[in-house]
Amino acid sequence: MHRYHTILLDADGTLFDFAAAEAAALREAFARFCLPFSAQALAEYHTINQRLWLWLEEGRITRQQLACRRFEELFARLGLAAPPEEFARCYQAALGRRGDLIPGARETLDWLREKGYGLALITNGTAATQRGRLEISGLGAYFAQVFLSEELGAAKPARAFFDQVYASLGRPDPRGLLVVGDSLTSDIQGANAAGWDSCWLNPGGWENLSPARPTYEIPSIGRLPALLEKLE
């Protein structure tokens with residue numbers, strides 16, 4: 001019998017190669033608006049976007065505000081001019097067409113499905129974008145349920161998000177739930193608050209300086225099968 005009956009996986013940075021998709025989508029949007037794209041633009045955007053997504057997790061900003069504000073700040077820093085709302089729509093559409101995967105993601109999902117684990121996806125990503133990427137990549141077929149914060153009205157790590165997920169799963173034994181994700185502030189902290197076990201995906205080997213406490217830590221998604229086999 002499996003130690004965990006259901007594995008709840010994050011999307012971006014866990015299964016999807018968000019860094020690759022982000023860069024490609026930005027490049028496409030910059031070209032669409034005839035703006036010069038550069039390594040500096042990508043770095044500046046990444047810094048701004050990370051901060052604003054943390055604010056979203058903390059409830060300090062709405063998803064709609066985030067979508068435009070990141071480009072308002074980016075254009076101000078770079079001295080560029082473009083309509084933020086139109087640019088944001090172009091960027092999101094381009095991002096939704098990207099199905100870039102983390103190496104080992106599909107193989108891991110194949111293994112989990114073959115072994116009979118229940119699989120669910122939990123993500124804060126924009127609903128239309130994530131559903132488009134799930135379809136393009138073919139990953140949607142692996143999951144019995146997909147939980148999108150935009151549709152639930154609450155974002156990880158809020159307890160309201162995890163409470164709705166738990167109810168939709170049929171309120172199973174929480175000892176059999178395992179959250180797998182790369183974000184300490186959303187995936188691991190949310191699992192901690194819900195009382196579920198968690199596995200932190202830490203490819204950079206970063207030191208955990210946050211209050212979040214993962215049950216396990218692995219360097220790549222491809223190492224998840226080995227971890228689960230040890231727990232049998």
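For reference, positions follow the sequence shown, starting with 1.
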Problem - Side chain to side chain, Leu139 and Leu101, heavy atoms closer than 4.5 Å - result: yes
Handout entry: Where Leu95 and Ala25 come nearest, the two heavy atoms and their spacing
Key = N-CB, 3.7 Å
Exercise for the section: Taking the side chain as every heavy atom from C-beta outward, state whether Leu78 and Leu35 have any pair of such atoms under 4.5 Å apart. Expected result: no
Exercise for the section: For Trp200 and Asp182, indicate whether the former's side chain and the latter's backbone hold a donor-acceptor pair under 3.5 Å. Expected result: yes
Practice task
Look only at the side chain of Asn192 and the backbone of Ala212, and say whether a donor-acceptor pair between them is shorter than 3.5 Å.
Solution key: no
Handout entry: Atom pair CG (Leu42) and CZ (Arg27), whose distance is rounded to the nearest 0.5 Å
Key = 8.0 Å
Exercise for the section: Could you tell me whether the side chain of Gln164 and the main chain of Leu152 form a donor-acceptor pair under 3.5 Å? Expected result: yes
Exercise for the section: Following the transitive rule for hydrophobic clusters with a side-chain heavy-atom cut-off under 4.5 Å over Ile, Leu, Val, Met, Phe, Trp and Tyr, establish whether Val179 and Val146 coincide in one cluster. Expected result: no
Completion exercise
Rounded to the nearest 0.5 Å, the CG atom of Leu134 sits from the CG atom of Leu121 at a distance of 5.5 Å
Exercise for the section: Quick one: do Trp55 and Arg69 satisfy side-chain contact (heavy atoms from CB on, under 4.5 Å)? Show the steps, please. Expected result: CA-CA 12 Å; Trp55 285 11; Arg69 178 164 176 170; 3.6 Å; yes
Practice task
Determine whether more than 12 heavy atoms belonging to other residues, nucleotides or ligands lie under 6.0 Å from atom CZ of Arg106.
Solution key: yes
Problem - side-chain contact (heavy atoms from CB on, under 4.5 Å) between Lys156 and Asp10, worked out - result: CA-CA 10 Å; Lys156 299 180 291 183; Asp10 172 51; 2.9 Å; yes
Exercise for the section: Write down the atom of Gly222, the atom of Thr108, and the distance for their closest heavy-atom approach. Expected result: CA-OG1, 3.5 Å
Handout entry: Heavy-atom check, side chain of Asn124 versus side chain of Ser186, under 4.5 Å
Key = yes
Handout entry: Residue pair Phe30 / Ala41: nearest heavy atoms and the distance that separates them
Key = CZ-CB, 4.1 Å
Problem - Glu85, CD: over 12 other non-hydrogen atoms inside 6.0 angstrom - result: no
Problem - Cys68 and Phe87, any side-chain heavy atoms less than 4.5 Å apart - result: no
Exercise for the section: Answer yes or no: are there more than 12 heavy-atom neighbours, outside Arg175 itself, under 6.0 Å from its atom CZ? Expected result: no
Practice task
Mind listing the closest non-hydrogen atom pair of Thr14 and Gly181 along with its distance?
Solution key: OG1-CA, 3.4 Å
Handout entry: Reported CD-to-OG1 distance for the pair Glu57 and Thr185, which is rounded to 0.5 angstrom
Key = 3.5 Å
Problem - Full working for salt bridge (charged side-chain N to carboxylate O under 4.0 Å, His left out) between Arg98 and Glu22 - result: CA-CA 9 Å; Arg98 302 295 307 189; Glu22 177 184 69; over 6 Å; no
Handout entry: Asp12 with Arg133: basic N within carboxylate O range, under 4.0 Å
Key = yes
Exercise for the section: Please check if the distance between the ring centroids of Tyr4 and Tyr117 is under 6.0 Å. Expected result: no
Handout entry: Test item: side-chain donor near acceptor, Thr129 and Thr126, under 3.5 Å
Key = no
Practice task
Applying side-chain contact (heavy atoms from CB on, under 4.5 Å), run through Ile102 and Leu15 and close with a yes or a no.
Solution key: CA-CA 5 Å; Ile102 295 286; Leu15 299 174; 5.8 Å; no
Handout entry: Side-chain touch Ile188/Asn208, heavy atoms, less than 4.5 angstrom
Key = no
Practice task
With rounding to the nearest 0.5 Å, note down the distance linking OG in Ser168 to CG in Asp163.
Solution key: 11.0 Å
Handout entry: Within 45° cone and under 6.0 Å: Arg113 NZ/CZ vs Tyr142 ring
Key = yes
Practice task
Would you indicate whether the side-chain heavy atoms of Asp197 and Tyr216 approach each other to under 4.5 Å?
Solution key: yes
Handout entry: Test of ring centre spacing under 6.0 Å for Phe33 and Phe71
Key = no
Problem - Over 12 foreign heavy atoms within 6.0 Å of NE2, His2 - result: yes
Handout entry: Other residues, nucleotides, ligands: >12 heavy atoms within 6.0 Å of Glu229 CD
Key = yes
Practice task
Report, as yes or no, whether the 6.0 Å neighbourhood of atom CD on Gln40 holds more than 12 heavy atoms from other residues, nucleotides or ligands.
Solution key: no
Exercise for the section: Please tell me if the side chains of Phe143 and Leu9 come closer than 4.5 Å, counting only heavy atoms from C-beta onward. Expected result: yes
Handout entry: N/O donor-acceptor pair under 3.5 Å between Glu28 side chain and Ala94 backbone
Key = no
Exercise for the section: Without swapping roles, check the side chain of Thr62 against the backbone of Gln65 for a donor-acceptor pair under 3.5 Å. Expected result: yes
Problem - Backbone N/O of Ser198 and side chain of Thr215: donor-acceptor pair under 3.5 Å - result: yes
Practice task
Find out if a path of hydrophobic residues (ILVMFWY) with successive side-chain heavy-atom gaps under 4.5 Å connects Leu8 to Trp111.
Solution key: no
Problem - Ring centres under 6.0 angstrom apart (Phe161, Phe147) - result: no
Exercise for the section: Kindly work out whether a path of hydrophobic side-chain contacts (I/L/V/M/F/W/Y, heavy atoms less than 4.5 Å apart) joins Leu66 to Phe75. Expected result: yes
Practice task
Of all the heavy-atom pairs spanning Gly13 and Leu201, show the shortest one and how long it is.
Solution key: O-CD2, 3.5 Å
Practice task
Find out whether Asp187 and Val180 are in side-chain contact, i.e. whether some heavy atom of one side chain is under 4.5 Å from a heavy atom of the other.
Solution key: no
Handout entry: Leu178 reachable from Leu184 in the ILVMFWY side-chain graph, under 4.5 Å edges
Key = no
Problem - Derivation and outcome, ring pair (Phe, Tyr, Trp, His ring centres under 6.0 Å), residues Tyr45 and Phe37 - result: CA-CA 11 Å; Tyr45 174 79; Phe37 185 70; 9.5 Å; no
Handout entry: Approximate separation, where rounding is to 0.5 Å, of Thr6 OG1 and Tyr166 OH
Key = 10.5 Å
Problem - Leu112 with Ile122, same ILVMFWY side-chain cluster at under 4.5 Å - result: no
Practice task
Search all heavy atoms of Leu56 against all heavy atoms of Ile61 and return the closest pair with its distance.
Solution key: CD1-O, 3.3 Å
Handout entry: Flag for Arg70-Asn49: side-chain donor and acceptor within less than 3.5 Å
Key = yes
Exercise for the section: Indicate whether any N or O donor in one side chain lies under 3.5 Å from an N or O acceptor in the other, for Arg63 and Ser149. Expected result: yes
Problem - Rounded distance (nearest 0.5 Å) linking atom OG1 of Thr47 with atom CD of Glu73 - result: 11.0 Å
Handout entry: Cationic N near anionic O, under 4.0 Å, Glu151 to Arg131
Key = yes
